[in-house]
Amino acid sequence: MPLLQIDNLTHSFGGLMAVAGFSTTLGEDETVGLIGPNGAGKTTIFNLLCGLYRPQKGDLSFQGQRLNDLRPHQITSLGIGRTFQNIRLWNELSVLDNLRIAHYSQMRYGFIDTFFLTSRLRATERRVHDEALELLRLFGLEAHAAERPRNLAYGMQRRVEICRALVMKPKLLLLDEPAAGMNQGEIDQLVELIQWVRRQFHVTIWIIEHQMRVIMSICDRIQVLDFGKTIAEGPPEAIRNDRRVIEAYLGEEVA
């Protein structure tokens with residue numbers, strides 16, 4: 001059974017076809033790139049997978065369970081984590097609290113526990129605190145636990161966001177343009193981080209990225225979208241030399 005199966009996914013906004021008959025299969029422990037020009041439908045696919053949009057046609061399943069009618073928090077609880085194009089951290093909370101709050105969908109205490117500060121509540125809060133600190137330690141962020149994310153360098157904020165996405169111990173991690181806005185040094189560190197995350201957490205990574213250096217460095221295979229349709233798929237070297245891909249990015253005359 002594949003980890004993720006998408007069949008004939010189709011979605012439009014008014015008269016604009018964003019995704020047209022997209023299909024793919026992702027297995028365990030692989031890194032797959034999803035690339036294409038701006039407006040090709042890449043982020044729309046991630047939003048459909050995460051339940052932010054409902055597909056107009058097609059099927060999505062994760063470990064054999066159909067996702068089409070599930071809400072975002074239900075999909076997350078199955079084992080799908082995500083980052084976004086624009087960093088979405090709670091800047092009024094500390095780095096540690098950004099991770100702690102991501103645990104709360106798994107909390108098992110209720111109103112009575114909260115009102116009386118029961119031992120179950122205290123034990124759960126200690127566990128969440130310790131697990132969050134351990135993740136920060138693994139990511140080299142422990143020294144910044146008490147800081148607000150907005151006070152960190154941009155590359156460090158991305159690191160916090162990826163760290164938070166791993167709080168729920170996902171089996172599939174979606175990265176939406178993680179290198180956006182980074183300088184070359186930060187991009188180099190990001191490539192190392194993504195490779196380390198895959199090894200350390202044994203997670204399948206599906207990444208959207210415009211930085212070809214990132215995609216070519218970390219992906220086992222790459223899918224290319226143009227106007228909502230898949231125009232090429234294969235290993236990095238084949239994609240690098242595919243005429244259809246060059247035309248989609250640069251135009252037919254230049255190609």
Side-chain angles (χ1 to χ4, degrees), residues 1-12 18-36 40-85 102 105-106 161-178 193-210 214-226 228-236 238-239:
M1 181 185 298
L3 183 69
L4 176 70
Q5 181 80 45
I6 298 178
D7 294 310
N8 197 32
L9 188 64
T10 300
H11 195 79
S12 62
V19 182
F22 177 80
S23 298
T24 193
T25 300
L26 271 64
E28 293 185 358
D29 192 25
E30 64 173 340
T31 300
V32 179
L34 185 61
I35 67 172
K42 305 180 298 296
T43 296
T44 299
I45 290 172
F46 275 19
N47 287 339
L48 289 164
L49 174 58
C50 293
L52 298 180
Y53 304 148
R54 293 292 176 89
Q56 295 163 346
K57 185 178 179 182
D59 289 300
L60 305 106
S61 61
F62 183 72
Q63 293 187 306
Q65 179 165 347
R66 194 168 187 266
L67 304 180
N68 290 52
D69 300 320
L70 299 185
R71 297 186 177 186
H73 72 277
Q74 295 172 313
I75 293 171
T76 298
S77 68
L78 292 176
I80 299 178
R82 181 184 180 176
T83 67
F84 291 83
Q85 288 181 17
S105 65
Q106 294 182 327
E161 189 181 36
I162 294 173
C163 184
R164 187 182 64 183
L166 291 166
V167 162
M168 300 289 288
K169 302 179 178 65
K171 298 179 179 66
L172 173 62
L173 178 61
L174 310 178
L175 302 178
D176 194 348
E177 296 191 35
L193 175 64
I194 294 173
Q195 292 170 331
W196 173 81
V197 164
R198 177 179 169 182
R199 294 193 306 269
Q200 179 73 25
F201 295 92
H202 306 289
V203 64
T204 293
I205 296 173
W206 199 10
I207 178 172
I208 296 171
E209 186 52 70
H210 286 293
V214 175
I215 288 290
M216 295 295 171
S217 298
I218 67 173
C219 290
D220 302 307
R221 57 188 174 93
I222 301 168
Q223 299 165 292
V224 188
L225 286 183
D226 193 25
K229 296 182 179 180
T230 301
I231 61 170
E233 182 173 358
I239 295 301

*Asks:* Looking only at non-hydrogen atoms, find the nearest pair between Pro236 and Ile222 and report the distance.
*Replies:*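 Smallest heavy-atom distance, with atoms named: CA-CD1, 3.8 Å.
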*Asks:* What distance separates Glu161 CD from Asp176 CG, expressed to the nearest 0.5 Å?
*Replies:*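 Reported to 0.5 Å precision, the distance equals 9.5 Å.
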*Asks:* So, for Gln223 and Trp206, which heavy atoms are closest and what is the spacing to 0.1 Å?
*Replies:*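 Minimum heavy-atom separation between Gln223 and Trp206: OE1-NE1, 3.5 Å.
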*Asks:* Is any NZ, NE, NH1 or NH2 atom of the basic residue among Arg221 and Glu30 found under 4.0 Å from an Asp or Glu carboxylate oxygen of the other?
*Replies:*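 Yes, this pair counts.
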*Asks:* Are Leu78 and Leu67 side-chain neighbours, meaning at least one heavy-atom pair lies under 4.5 Å?
*Replies:*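 Touching, per the 4.5 Å side-chain cut-off.
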*Asks:* Less than 4.5 Å apart, side chain to side chain, heavy atoms only: is that true for Ile205 and Ile218?
*Replies:*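 Side chain of Ile205 against side chain of Ile218, heavy atoms only: no contact under 4.5 Å found.
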*Asks:* Do you know which two heavy atoms are closest between Leu173 and Val203, and how far apart they sit?
*Replies:*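 Answer, listing the atom of Leu173 first, then Val203: N-CG2, 3.8 Å.
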*Asks:* Which pair of non-hydrogen atoms, one from Pro55 and one from His11, has the smallest distance, and what is that distance?
*Replies:*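 That would be CA-ND1, 4.0 Å.
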*Asks:* To the nearest 0.5 Å, tell me how far His210 NE2 sits from Ile215 CD1.
*Replies:*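 One finds 10.0 Å between NE2 of His210 and CD1 of Ile215.
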*Asks:* Under a 4.5 Å cut-off applied to non-hydrogen side-chain atoms, are Arg82 and Leu52 in contact?
*Replies:*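 Sidechains of Leu52 and Arg82: in contact.
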*Asks:* Let me confirm one number: the OG1-CZ distance from Thr44 to Phe22, rounded to the nearest 0.5 Å.
*Replies:*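 Those atoms lie 11.5 Å apart.
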*Asks:* Quick one: closest heavy-atom pair of Gln56 and Ser12, and the distance?
*Replies:*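 Closest approach of Gln56 to Ser12, heavy atoms only: OE1-N, 2.9 Å.
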*Asks:* State, with a plain yes or no, whether a side-chain heavy atom of Ile207 is found less than 4.5 Å away from one of Val214.
*Replies:*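 Yes, close enough: below the 4.5 Å cut-off.
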*Asks:* Which heavy atom of Leu49 sits nearest to which heavy atom of Leu60, and what is that distance?
*Replies:*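 Distance-wise, the nearest heavy atoms are CA-CD2, 3.7 Å.
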*Asks:* Indicate yes or no: at least one non-hydrogen side-chain atom of Gln63 is less than 4.5 angstrom from one of Leu3.
*Replies:*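 Touching, per the 4.5 Å side-chain cut-off.
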*Asks:* Is there a donor-acceptor pair closer than 3.5 Å between any side-chain N or O of Arg71 and the backbone N or O of Gly51?
*Replies:*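 It does not hold such a pair.
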*Asks:* Any donor-acceptor pair under 3.5 Å linking the side chain of Thr25 with the backbone of Gln5?
*Replies:*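 Absent.
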*Asks:* What's the separation between atom CH2 in Trp196 and atom CD1 in Ile162, rounded to the nearest 0.5 Å?
*Replies:*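 It comes to 10.0 Å.
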*Asks:* Between the main-chain N or O of Asp29 and the side-chain N or O of Asp220, is there a donor-acceptor pair closer than 3.5 Å?
*Replies:*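 Looks like no, no N/O pair under 3.5 Å.
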*Asks:* How many angstroms lie between CG in Leu225 and CD1 in Ile231, if you round to the nearest 0.5 Å?
*Replies:*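 Result: 8.0 Å between the selected atoms.
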*Asks:* Please report the interatomic distance CZ(Phe62) to CD1(Ile80), rounded to the nearest 0.5 Å.
*Replies:*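 So the CZ of Phe62 and the CD1 of Ile80 are separated by 4.5 Å.
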*Asks:* Between Lys171 and Glu28 (salt bridge meaning N to carboxylate O under 4.0 Å), is one present in this structure?
*Replies:*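 Salt bridge absent between Lys171 and Glu28.
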*Asks:* Do the non-hydrogen side-chain atoms of Lys42 and Gln85 ever get within less than 4.5 Å of each other?
*Replies:*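 Not in contact.
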